[in-house]
Amino acid sequence: MASPASRRILVTAALPYANGHIHLGHLVEYVQTDIFVRFQKLRGHDCIFLCADDTHGTAIMIRARAEGRGEHEVIAEMRAAHLADFAGFEIGFDHYGSTDSDANRRLCAIVWQSLRDRGLVAGRAVEQLFDPVAGVFLADRFVRGTCPRCRATDQYGDACEKCGATYSPADLVDPRSTLSGATPEVRSAEHLFVRLEPLQEFLRGWTQSSGALAPQVANYLAGHFLGEPLRDWDVSRPAPYFGFEIPDAPGHYWYVWFDAPVGYIAATEEWAAARGGSWRDWWQAGDVPPAEIHHFIGKDITYFHTLFWPAMLAAAGLTLPTKVRIHGFLTVNGEKMSKARGTFVLARTYLEHLDPAALRYYYAAKLSGDIDDIDLNLDDFAAKVNADLVGKVVNLASRTARWLEATGLADRYPEDGGLFARAAADGAAIAAAYEDCDFARAMRLIMAAADRANAYVDAEQPWKLAKAGPASAARLRDVATVALNLFRQLAVYLAPVLPRLAAQTGNLVGGPIRSWDESQQPLVGLPVAPFTPLAARVDPARIAALLAATTPSPPALSPPSTAGAPMTTDSGAPLAAEPLAPTCTIDDFSRVDLRVARIVAAEEVADSRKLLKLTVSLGGDTTRTVFAGIKGFHAPADLVGRLVVVVANLAPRTMKFGTSEGMVVAASGAGAEGVYLLSPDTGALPGMRLH
RNA sequence: GGGCCCGUAGCUCAGCGGUGAGAGCAGGGGACUCAUAAUCCCUUGGUCGUAGGUUCGAAUCCUACCGGGCCUACCA
């Protein structure tokens with residue numbers, strides 16, 4: 001229940017598009033927003049976190065066609081996937097809607113009518129390329145052709161990657177639809193526009209002095225858009241289009257970027273209706289107290305949220321955003337996320353390998369609330385999470401809780417040299433940092449408190465008190481009581497970032513953490529449950545596995561496809577021809593050191609009937625010369641570059657042609673023709689051992 | 001072409017006009033052994049991208065340049 005002093009805060013994260021899965025880049029925003037919301041709730045404010053799938057547009061329509069099914073089937077499937085991913089990362093939406101909802105259709109109509117009433121809608125013919133085979137108008141990116149300036153081939157319809165020229169798709173020398181391959185034709189169609197110039201004055205005022213935007217964003221808008229007359233915004237698309245048909249303009253559909261932000265309101269409506277309220281309680285002025293509206297977005301969609309969206313809201317007489325909080329993009333190991341490098345990591349792939357809490361903490365430690373890109377450096381990630389969360393915070397409980405299992409906390413809070421009070425006083429600065437979305441600062445302050453707490457434990461040496469017997473029991477209880485209270489205080493401060501740690505801490509001592517104020521008073525006289533591990537260390541091997549699972553198979557190096565070969569038809573002949581060897585132990589096996597190696601050179605051995613001379617790399621500078629009996633089955637040139645498995649600790653053997661320093665593993669024999677080299681799954685690196 | 005952001009120790013980042021430039025991690029040395037090889041103490045390490053300028057004083061303000069990232073209105 002909200003107290004009179006509490007604020008009403010509506011928070012949104014950008015709506016993920018239904019054409020793709022959630023990846024680590026998306027999660028920067030959802031984790032950031034979730035932390036902010038959990039913080040506000042912990043502070044006792046009336047805060048709701050709304051989001052939805054963004055479902056409409058050409059891309060979904062094209063995809064559904066390509067997959068031979070309806071758009072609604074596609075978006076339902078993607079919605080389920082998105083929700084599962086978000087749940088895995090403990091993103092706590094109060095409601096998750098869809099732009100393809102009745103509520104959204106109604107609200108779009110309301111906003112639309114307001115624009116009409118104010119004379120802000122205008123119609124005009126637009127010439128656009130049309131695919132006569134697919135029967136759709138083509139957005140620029142669905143057209144490719146030869147650049148009219150530099151003649152580079154296969155360029156997008158809006159700009160040339162080679163020479164940087166920008167143009168209209170109709171200017172391409174030999175335009176082709178990427179949908180059907182057909183040559184598009186220029187067709188004229190009526191589009192509806194929102195006139196923004198009449199709102200120029202309003203937008204200038206709101207962007208420059210409302211306080212909703214960071215100064216550099218305001219400058220960007222002032223310099224880039226507001227310095228000249230605002231162009232009309234094209235908000236309709238002709239049929240066929242997957243979206244909502246405009247009620248007073250049959251055959252025209254709202255462009256996806258019109259109905260997407262209205263989805264924020266629609267989600268509010270669905271959430272409020274379930275509680276007997278209305279979206280108007282949050283989006284229309286006049287309420288006491290008025291609601292704050294905070295939008296979290298990425299910098300790529302800045303102008304939609306800082307020009308078009310406020311224009312729509314203003315025209316409809318609705319509440320303008322209190323803050324538009326803009327974050328940068330995610331890089332991985334200092335570079336743009338890349339499928340080829342294996343750094344384009346999907347949320348669910350991450351969840352299969354690592355703890356979501358680790359990523360939440362790492363993002364929190366990096367997010368400063370400004371527009372800079374943040375980098376996920378994977379070495380740093382493991383080091384930071386292990387040092388901070390496990391080494392400092394969790395360790396505090398791990399090293400002291402067990403001394404209180406029998407006795408519980410001391411009945412009066414002992415002298416602690418002012419440590420608890422000092423960290424309690426820090427609460428104001430930590431809260432201010434959370435409020436500013438400067439989570440990095442909050443984490444630094446919290447970790448400083450954790451350092452002080454660990455130093456306290458070290459100085460008091462409770463393990464010596466434990467050994468000293470009954471005479472020191474009271475003192476031991478006091479020291480452990482201090483340490484555990486300092487730990488729980490940290491857990492309160494970290495609760496917005498690490499909700500599961502907060503819950504586990506509540507189970508350990510003191511019950512569920514419900515309020516920020518619990519950081520201000522130590523607990524006494526309560527039982528302490530048996531300690532259970534609260535966080536797992538990040539194992540670098542798991543990160544490697546994650547990247548390996550993410551890296552796509554380069555076509556040239558893929559193992560042969562087994563598709564279409566039902567497993568039940570495999571012959572038993574090879575096994576029968578060469579029965580299994582006698583059982584060996586794991587120790588026997590481990591004496592054979594099998595390694596992944598890359599063939600860096602291969603040549604025929606002139607005088608040999610069967611041998612190829614290979615040079616294999618075990619990574620770094622380590623190479624081996626190996627003679628392999630695979631001549632006739634593999635052309636040397638085809639082998640260079642590929643990964644194989646070698647017996648790396650095989651005793652060198654002098655042969656007629658030289659010394660062989662290992663052996664390449666291959667399947668063969670048993671009556672079958674051919675020698676088949678083994679290839680590791682993609683992602684394996686030279687030097688990796690087979691276990 | 002125009003614009004925005006960033007460039008500080010090996011790594012990730014604070015500091016953003018004023019005592020000799022900081023933290024965490026990594027590296028080196030020591031202590032401890034309660035704890036998920038965790039913790040504590042000491043310590044090595046930087047011409048604050050480059051070049052100019054403003055100022056009594058600049059990592060901090062201005063200009064230019066170099067490097068990285070991003071935006072530029074039908075890519076979401």
Side-chain angles (χ1 to χ4, degrees), chain A residues 14-20 54 56-60 126 128 137-142 156-159 164-166 168-169 191 196 214 216-217 219-225 227 230-237 255-257 260 298-304 307-308 328-329 331 333-336 362 365-366 368 370-377 379-384 386-392 394-403 438 440-441 443-444 447-448 450-451 453-467 476 479-480 483 531 533-537:
Chain A
L15 313 187
Y17 197 51
N19 199 29
D54 179 18
H56 291 155
T58 309
I60 295 292
V126 171
Q128 201 177 3
F137 282 95
L138 297 165
D140 289 354
R141 69 188 180 109
F142 291 111
Y156 282 111
D158 53 351
T166 57
S168 148
H191 281 229
L196 294 173
Q216 66 264 42
V217 177
N219 289 341
Y220 157 72
L221 295 169
H224 205 78
F225 299 104
L230 290 166
R231 289 189 235 168
D232 296 345
W233 179 34
D234 185 350
V235 294
S236 80
R237 295 293 180 274
Y255 173 48
V256 58
W257 263 110
K299 63 185 182 182
D300 51 335
I301 56 176
T302 296
Y303 65 72
F304 289 104
L307 292 177
F308 302 160
F329 293 152
T331 56
N333 289 339
E335 302 188 71
K336 200 168 168 177
Y362 190 73
K366 299 284 252 185
S368 61
D370 62 24
I371 200 167
D372 298 347
D373 290 353
I374 69 168
D375 184 45
L376 169 59
N377 178 295
D379 294 334
D380 185 53
F381 167 68
K384 191 164 198 62
N386 290 342
D388 290 358
L389 281 190
V390 182
K392 291 179 183 177
V394 165
N395 187 228
L396 209 49
S398 175
R399 68 194 302 202
T400 57
R402 69 192 191 89
W403 285 309
D438 190 350
R441 175 186 293 274
M443 295 307 109
R444 283 198 299 275
M447 288 309 138
D451 285 341
N454 274 303
Y456 167 85
V457 175
D458 240 70
E460 297 299 330
Q461 305 183 68
W463 53 91
K464 288 193 177 168
L465 297 173
K467 283 176 185 157
L476 174 63
V479 170
F531 180 79
L534 300 172
R537 304 177 67 76

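Remember, it's a predicted structure, so these values are computed and weren't measured experimentally. Within every chain, numbering begins at 1; the chains are lettered A, B, ... in the order of the sequence lines, protein sequences first and strands thereafter.
In this structure the side chain of A/Thr400 never reaches within 4.5 angstrom of the side chain of A/Phe531, judged on heavy atoms. Side chains of A/Ile301 and A/Trp257 form a contact here, defined as non-hydrogen atoms less than 4.5 Å apart. Inter-residue side-chain proximity for A/Ser398 and A/Leu534 is flagged as unmet; no heavy-atom pair is nearer than 4.5 Å.
Rounded to an integer number of Å, the gap from CG of A/Leu389 to P of B/rC25 is 13 Å. Atom CG in A/Leu307 sits about 12 Å away from atom P in B/rU72, given to the nearest Å. Whole-Å rounding puts the A/Phe308 CZ to B/rU72 P distance at 10 Å. With rounding to whole Å, A/Asp388 atom CG is found 10 Å from B/rA26 atom P. Protein atom CZ of A/Arg231 is 12 Å distant from nucleotide atom P of B/rU72, rounded to whole Å.
In this structure B/rU63 sits in a base pair with B/rA51, meeting the Watson-Crick or G-U test at under 3.5 Å. When Watson-Crick and G-U wobble pairs are counted only if both distances are under 3.5 Å, B/rA21 pairs with no nucleotide at all. With a cut-off of 3.5 Å on both Watson-Crick or G-U wobble distances, the partner of B/rC70 is given as B/rG3. The nucleotide B/rA58 finds no pairing partner, because no Watson-Crick or G-U wobble arrangement with both distances shorter than 3.5 Å includes it. Using the Watson-Crick or G-U wobble rule with both distances under 3.5 Å, B/rG27 pairs with B/rU43.
Looking at A/Tyr17, its side chain does come within 3.5 Å of a backbone N or O of A/His56 through a donor-acceptor pair. Distance alone, capped at 3.5 Å, is enough to place a donor-acceptor pair between the A/Asn454 side chain and the A/Lys392 backbone. Side-chain N or O atoms of A/Asp373 include one that pairs as donor or acceptor with a backbone N or O of A/Phe329 at under 3.5 Å.
At least one side-chain nitrogen or oxygen of A/Tyr303 sits closer than 4.0 Å to the OP1 or OP2 atom of B/rU72.
For the P atom pair drawn from B/rC32 and B/rA21, the interatomic distance equals 36 Å after rounding to whole Å. Rounded to whole Å, the separation between the P atoms of B/rG3 and B/rC62 comes to 15 Å. Remark: the separation of the C1' atoms in B/rC25 and B/rU43 is 15 Å, to the nearest Å. Of the P atoms belonging to B/rG20 and B/rU54, the separation is 23 Å, rounded to the nearest Å. Only the C1' atoms considered, B/rU12 is 14 Å distant from B/rC6, to the nearest whole Å. Only the C1' atoms considered, B/rC11 is 28 Å distant from B/rA51, to the nearest whole Å. Rounded to whole Å, the C1' atom of B/rC48 lies 15 Å from the corresponding atom of B/rG17. The separation of B/rC70 from B/rC75, taken at their C1' atoms, amounts to 15 Å, rounded to a whole angstrom.
The pair A/Lys384-A/Asp380 does not count as a salt bridge, with every side-chain nitrogen at least 4.0 angstrom from each carboxylate oxygen. Residues A/Asp438 and A/Arg444 are not paired through a salt bridge, judged by the lack of any N-O separation under 4.0 Å between the basic side chain and the carboxylate. A/Lys366 has no carboxylate O lying under 4.0 Å from a charged side-chain N of A/Asp375, or vice versa, which leaves the two without a salt bridge.
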The contact string for nucleotides 6-17 of chain B, one letter per nucleotide 5' to 3', using protein heavy atoms under 4.0 Å with B, S and - for base, sugar-phosphate only and none, comes out as S----SSSSS--

Letter by letter from the 5' end, nucleotides 27-40 of chain B scores (B base, S sugar-phosphate only, - none; protein heavy atoms under 4.0 Å) -----SSBBB-SBS

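Note that CG of A/Leu307 and CZ of A/Arg231 are 12.0 Å apart. Values are rounded to the nearest 0.5 Å.
Among the atoms of the strands shown, only primed sugar atoms or phosphate atoms (P, OP1, OP2) are found under 4.0 Å from some heavy atom of A/Phe329. Within 4.0 Å (heavy atoms only), A/Asp54 reaches sugar-phosphate atoms of the nucleic acid but no base atom. Nucleic acid contact for A/Phe137: none, since no nucleic acid atom lies under 4.0 Å from a heavy atom of the residue. The residue A/Ala59 sits apart from the nucleic acid: no heavy atom pair falls under 4.0 Å.
Toward the 5′ end of RNA chain B lies the nearest nucleotide of A/Asp232, the other residue of the pair A/Asp232 and A/His56 mapping further downstream.
The only option from A/Leu376, A/Asp379, A/Asn377 that meets the side chain to side chain contact (heavy atoms under 4.5 Å, CB included) definition with A/Asn333 turns out to be A/Asn377.
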